[in-house]
Amino acid sequence: TKIGNLNLENGVKLAQLNPQNWQDNLFDITEILTDFPKISIDKIDDFVNGKRTFIEQDNIEEIMVICENKFVGFAKIENGYLCPTKVMVN
């Protein structure tokens with residue numbers, strides 16, 4: 001019973017969580033989806049606004065997008081463009 005770097009030893013019982021500590025027990029999605037393809041971008045504005053960005057990379061159906069070491073969403077790379085599919089920041 002393991003997903004990425006997480007296993008039962010990392011788990012916390014629901015009874016141990018409360019409104020003050022639940023956020024302390026969250027894991028970054030990049031720690032969970034360790035085998036998922038990732039790409040880093042320098043500027044977040046175009047991605048957040050759904051704009052396609054030219055990128056020299058082969059087509060990829062789904063890729064995790066990171067900006068300044070933080071997960072910002074998912075995209076696909078199609079015909080030389082990074083196309084946002086799910087933006088996870090505002």
Side-chain angles (χ1 to χ4, degrees):
T1 48
K2 181 177 176 180
I3 299 174
N5 293 328
L6 305 180
N7 54 43
L8 288 178
E9 287 79 38
N10 301 113
V12 176
K13 293 182 181 183
L14 287 176
Q16 295 173 297
L17 298 177
N18 60 53
Q20 291 76 38
N21 74 0
W22 69 270
Q23 289 183 339
D24 297 334
N25 292 286
L26 295 178
F27 286 89
D28 190 274
I29 193 167
T30 58
E31 294 178 50
I32 298 168
L33 302 177
T34 55
D35 294 333
F36 208 87
K38 299 171 185 66
I39 191 166
S40 291
I41 58 174
D42 295 327
K43 297 179 183 177
I44 195 172
D45 295 340
D46 286 346
F47 183 83
V48 169
N49 291 318
K51 293 183 181 178
R52 298 177 347 148
T53 305
F54 179 75
I55 189 165
E56 290 187 34
Q57 190 161 334
D58 293 336
N59 289 353
I60 298 178
E61 187 63 32
E62 193 166 29
I63 190 166
M64 187 183 301
V65 181
I66 310 294
C67 185
E68 297 179 2
N69 295 319
K70 294 183 182 177
F71 168 74
V72 295
F74 292 99
K76 63 181 176 180
I77 298 177
E78 189 173 66
N79 300 322
Y81 286 92
L82 180 70
C83 308
T85 56
K86 293 178 181 70
V87 176
M88 308 298 275
V89 294
N90 36 342

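We use all heavy atoms of the structure for the numbers below, so side chains are in, but hydrogens, waters and symmetry mates are not. Numbers here are sequence positions counted from 1.
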With distance as the sole test, does Asp28 use its side chain to make a donor-acceptor pair with the main-chain N or O of Phe71 at under 3.5 Å?
-> no
Which heavy atom of Met64 sits nearest a heavy atom of Leu33, and at what distance?
-> CE-CB, 3.6 Å
Could you check if a side-chain atom of Ile55 sits within less than 4.5 angstrom of a side-chain atom of Ile39, using non-hydrogen atoms only?
-> yes
Please confirm whether the backbone N or O of Glu9 pairs with a side-chain atom of Asn7, one donor and one acceptor, at under 3.5 Å?
-> yes
Would you confirm whether Lys43, through its side chain, and Ile41, through its main-chain N or O, come within 3.5 Å as a donor-acceptor pair?
-> no
Side chains of Val48 and Val72: does their closest heavy-atom pair fall under 4.5 Å?
-> no
Heavy-atom neighbours of Glu68 CD exceed 12 at 6.0 Å | no
Quick one: closest heavy-atom pair of Pro37 and Ile63, and the distance?
-> O-CG1, 3.4 Å
Could you tell me which non-hydrogen atom of Cys83 sits nearest to which non-hydrogen atom of Glu78, and how far apart they are?
-> SG-CB, 4.4 Å
Is a side-chain N or O of Thr85 found less than 3.5 angstrom from the main chain of Phe74, in a donor-acceptor match?
-> yes
Would you say Leu26 has more than 12 foreign heavy atoms packed within less than 6.0 Å of its CG?
-> yes
Which pair of heavy atoms, one from Asn18 and one from Gln20, lies closest together, and at what distance?
-> OD1-N, 2.8 Å
Going hydrophobic residue to hydrophobic residue with side-chain gaps under 4.5 angstrom, can you get from Ile32 over to Ile66?
-> yes
Determine the minimum heavy-atom distance between Ile60 and Gln57, stating which atoms define it.
-> CD1-NE2, 3.3 Å
Please indicate whether Lys70 has more than 12 foreign heavy atoms, meaning atoms of other residues, nucleotides or ligands, lying under 6.0 Å from its NZ.
-> no
Distance col, row Ile29:CD1 vs Met88:CE, nearest 0.5 angstrom, shows 6.0 Å
Glu62 and Lys86: side-chain contact (heavy atoms from CB on, under 4.5 Å), yes or no, with the steps?
-> CA-CA 10 Å; Glu62 193 166 29; Lys86 293 178 181 70; 4.2 Å; yes
Heavy-atom side-chain proximity of Asp46 to Leu82 below 4.5 angstrom = no
Which heavy-atom pair separates Lys76 from Glu61 by the least distance, and what is that distance?
-> CB-O, 3.1 Å
4.5 Å side-chain heavy-atom contact, Asn10 and Phe27 = yes
Near Asn69 CG, under 6.0 Å, is it more than 12 heavy atoms from other residues, nucleotides or ligands?
-> no
Does some side-chain heavy atom of Asn59 sit less than 4.5 Å from a side-chain heavy atom of Asn79?
-> yes
